[in-house]
Amino acid sequence: MSGREAFITLATTNSYCMGATVVARSLRRHGTTRSIVVMVTPNVSEQSRLALQSVFDEVITVDVMDSEDRLNLSLLGRPELGITFTKIHCWTLTQYSKCVFLDADTLVLCNVDELFHRDELSAAPDPGWPDCFNSGVFVFRPSLHTHHRLLEHARQHGSFDGGDQGLLNSFFSGWPVEDISKHLPFIYNLSASSLYSYLPAFQQFGHDAKIVHFLGSVKPWSSSSQREGGHSNMEQFLSLWWREYRSNTESSAAETPQQTQKK
Ligand code: UDP
Ligand code: MN
């Protein structure tokens, strides 16, 4: 089973590779039995790629530019959608029957393998507009047919927010009303913005968080590890992120028990 289901993330730059490393390490720490896969673009350095190979089961180079597909080529004239196309490339990973996509700016806090019991497309509400799902964490079924339909949808309608989230929400437009089992609890994609928009709820439910998402322009790796002044709850997640990052890069002591859990 572990070979047929996988967590997937994406890194198109060396700094997002830092995030991807933490995604993989935190999944391993909590004993996932599924494969852990990263998609990278060819510009990612050899050094970053080697670092990823030490922690991921599979590092897949995704070169959207080499497609012979006419549809792809017409879409490639829209550079603003570049990352989007790279992300939806995850639907082509048909060696897996079901996958969970995690943004590279997420941190896994406990075992979340139960996500594989969900069907496509399952995701948590976006904190900014809860009738849209946030595309930082979602369950999907790889399928070349779906991939093609997504590209066709992008060609016809573009993306209302210029990114993958707008495209995916208009493609999976039934999500807000059709099937409550496809609504992941918010604790599977907890973002800092919930602290500012509904602090009492964060205080009540935040300790159950399963996946933290550092969404927005400031990423854990884009500022000093000792950043001060943020909300103390988020600071805790931030320092956890750095601890996970350092456990990978500066010490191998934590690796042995995790490696034994790898299947
Ligand atoms: N991403 C990437 N390179 C980029 C921007 C984004 O690899 O230059 C990937 C990465 O996996 C990232 C995801 O696309 O987590 C979505 O982007 P981001 O997390 O920055 O968006 P946000 O969640 O802040 O809206
Ligand atoms: Mn993100």
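Start at 1 and go down the list; that is how both ligands and their atoms are numbered.
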Aromatic rings Phe140 and Phe138: how do their planes relate, parallel, tilted or perpendicular, breaks at 30° and 60°?
-> tilted

The closest protein heavy-atom partner of atom 19 (O) of ligand 1 is Asp105 OD2, 2.9 Å

N/O to N/O below 3.5 Å, does that happen between Phe214 and ligand 1?
-> no

Pair Arg49-Thr61, side-chain donor/acceptor within less than 3.5 Å = yes

Atom 12 (C) of ligand 1: which protein heavy atom is closest, and how many Å away?
-> Tyr16 CE2, 3.5 Å

Is the shortest side-chain N to carboxylate O distance from Asp119 to Lys182 below 4.0 Å?
-> no

Tell me: protein heavy atom nearest atom 11 (O) of ligand 1, and distance?
-> Leu10 O, 2.7 Å

Does any N or O in the side chain of Thr9 come within less than 3.5 Å of the main-chain N or O of Leu102, such that one atom is a donor and the other an acceptor?
-> yes

The one among Gly216, Ala20, Gly128 that brings a heavy atom closest to atom 24 (O) of ligand 1 | Gly216

Taking N or O atoms only and a 3.5 Å limit, does His213 qualify as a polar contact for ligand 1?
-> yes

Polar protein atoms (N, O or S) that approach the Mn ion (ligand 2) to under 2.8 Å = Asp103 OD2, Asp105 OD1, Asp105 OD2, His213 NE2

Under 3.5 Å between some N or O of ligand 1 and some N or O of Thr9?
-> no

Give the residue, atom name and distance (to 0.1 Å) of the protein heavy atom nearest atom 15 (O) of ligand 1.
-> Ala104 N, 2.9 Å

N or O pair under 3.5 Å between Asp103 and ligand 1 = yes

Show your working on side chain to side chain donor-acceptor pair (under 3.5 Å) between Ser194 and Ser191 and close with a plain yes or no.
-> CA-CA 6 Å; Ser194 62; Ser191 52; 5.0 Å; no

Got an N/O contact under 3.5 Å between Lys87 and ligand 1?
-> no

Report the part of Lys219 (side chain from C-beta onward, or backbone N, CA, C, O) that has a heavy atom under 4.0 Å from ligand 1; answer both or neither where that applies.
-> side chain

State which residue, out of Asn189, Leu168, Asn169, fulfils the side-chain contact (heavy atoms from CB on, under 4.5 Å) condition with Ser135.
-> Leu168

Ile83 N/O to ligand 1 N/O under 3.5 Å | no

Counting only heavy atoms not in Tyr198, do more than 12 sit closer than 6.0 Å to its OH atom?
-> no

Salt-bridged, Lys87 to Asp103, with N to O below 4.0 Å?
-> yes

min-distance protein heavy atom vs atom 7 (O) of ligand 1 -> Thr12 N, 2.8 Å

Taking 4.0 angstrom as the limit, do Arg141 and Glu120 come out as a salt bridge?
-> no

Nearest-0.5 Å distance, CG of residue Asp161 to CG of residue Asp164 = 7.5 Å

Is there a donor in the side chain of His153 and an acceptor in the side chain of Ser170, or the other way round, less than 3.5 Å apart?
-> yes

Is the shortest side-chain N to carboxylate O distance from Glu152 to Arg149 below 4.0 Å?
-> no

Using a strict 4.0 Å cut-off to heavy atoms of Ala11, name the atoms of ligand 1 that fall inside it.
-> 7 (O)

Exercise: do Tyr188 and Glu114 side chains pair donor with acceptor under 3.5 Å | yes

